[in-house]
Peer 1: 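Right, I'll just put the structure down here and ask away after.
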Amino acid sequence: MSGRNTALTPPDDAAAPVRHPDAPAPGELLGAHYGHCFGCGEGQPHGLHLEARAGEGVRVSAEFTVKPAHQGAPGLAHGGVLATALDETLGSLNWLLRVIAVTGRLETDFVRPVPVGTVLYLEAEVTAVAGRKIYSTAVGRIGGPGGPVAVRADALFIEVKVDHFIDNGRPEEIRAAMSDPDQVRRARAFEVNP
């Protein structure tokens with residue numbers, strides 16, 4: 001995208017992203033990484049309840065429906081909610097790389113208003129990897145994959161260790177996530193950006 005910040009431009013020696021051999025299969029629903037996540041968690045009554053699916057290569061697609069609780073101006077989605085949807089979709093890409101990563105930078109373009117009741121269809125892909133830095137891009141379309149572009153974003157994610165969450169999260173939530181008897185859910189709570 002023209003006019004973008006150079007912090008979002010991969011360096012010349014960046015590598016092409018490589019899908020991890022244990023990544024979810026194309027078409028597989030990724031599910032929530034954490035039940036209380038505002039973006040994807042089922043435990044958030046006013047959350048986005050965004051559902052992401054693994055795509056081909058290092059791509060994901062996702063959908064969410066803009067509810068009345070998501071509005072900013074009367075009848076229109078709040079820009080912060082749209083940025084959250086993009087961030088959540090971009091964060092889901094890390095499952096395909098099988099890394100723990102957090103958002104380092106997110107630059108969002110708001111192209112057209114998104115009315116309440118709209119289904120926003122999002123597509124994201126990793127474009128490059130340089131050390132711990134993961135470069136990615138996303139677009140959100142109104143009504144489906146062929147709909148008009150409403151929002152788009154470029155992002156930089158930074159790979160971290162689980163200590164990032166343990167050292168910085170609220171102790172009660174960290175303890176609850178770490179003590180979950182379901183090993184898969186316990187591991188997935190820390191798989192993508194909070």
Peer 1: Verify the cluster assignment for Leu93 and Leu106: are they in a single hydrophobic cluster under the rule of side-chain heavy atoms below 4.5 Å apart?
Peer 2: yes
Peer 1: Go through the structure and list residues passing side-chain contact (heavy atoms from CB on, under 4.5 Å) with Val119, not counting sequence neighbours.
Peer 2: Glu63, Thr65
Peer 1: Mind checking the CG-CG spacing from Leu96 to Leu30? Nearest 0.5 Å is all I need.
Peer 2: 6.5 Å
Peer 1: Which pair of heavy atoms, one from Ala101 and one from Phe157, lies closest together, and at what distance?
Peer 2: CB-CB, 4.1 Å
Peer 1: Say you draw a straight line from OG1 of Thr103 to CD of Glu88; how long is it, rounded to the nearest 0.5 Å?
Peer 2: 9.0 Å
Peer 1: Can you tell me how far the CG atom of Asp154 sits from the OH atom of Tyr135, to the nearest 0.5 Å?
Peer 2: 11.5 Å
Peer 1: Could you report the tightest heavy-atom contact between Ala155 and Leu90, atom names first, then the distance?
Peer 2: CB-CD1, 3.7 Å
Peer 1: Rounded to the nearest 0.5 Å, what's the gap from CG on Leu156 to CD1 on Ile134? Could you check?
Peer 2: 8.5 Å
Peer 1: Compare every heavy atom of Pro11 with every heavy atom of Ala130, then report the nearest pair and how far apart it is.
Peer 2: CB-CG, 3.7 Å
Peer 1: Determine the minimum heavy-atom distance between Ile142 and Arg112, stating which atoms define it.
Peer 2: CD1-CD, 3.7 Å
Peer 1: Determine, step by step, whether Arg152 and Thr137 satisfy the side chain to side chain contact (heavy atoms under 4.5 Å, CB included) criterion, reporting the C-alpha distance in whole Å, the side-chain angles of both residues, the deciding distance to 0.1 Å, and the verdict.
Peer 2: CA-CA 8 Å; Arg152 59 181 164 243; Thr137 188; over 6 Å; no
Peer 1: Please give me the minimum heavy-atom distance between Leu120 and Gly140, naming the atom from each residue.
Peer 2: CD1-C, 4.0 Å
Peer 1: Checking salt bridge (Lys or Arg N to Asp or Glu O under 4.0 Å) for the pair Arg132/Glu159: CA distance, chi angles, key distance, verdict?
Peer 2: CA-CA 5 Å; Arg132 294 177 44 226; Glu159 186 176 349; over 6 Å; no
Peer 1: side-chain contact (heavy atoms from CB on, under 4.5 Å) with Ala77: which residues, sequence neighbours excluded?
Peer 2: Val66, Leu82, Val114
Peer 1: Could you tell me the separation between the CG atom of Asp87 and the CG atom of Leu50, rounded to the nearest 0.5 Å?
Peer 2: 10.5 Å
Peer 1: Search all heavy atoms of Glu56 against all heavy atoms of Arg19 and return the closest pair with its distance.
Peer 2: C-NH1, 3.9 Å
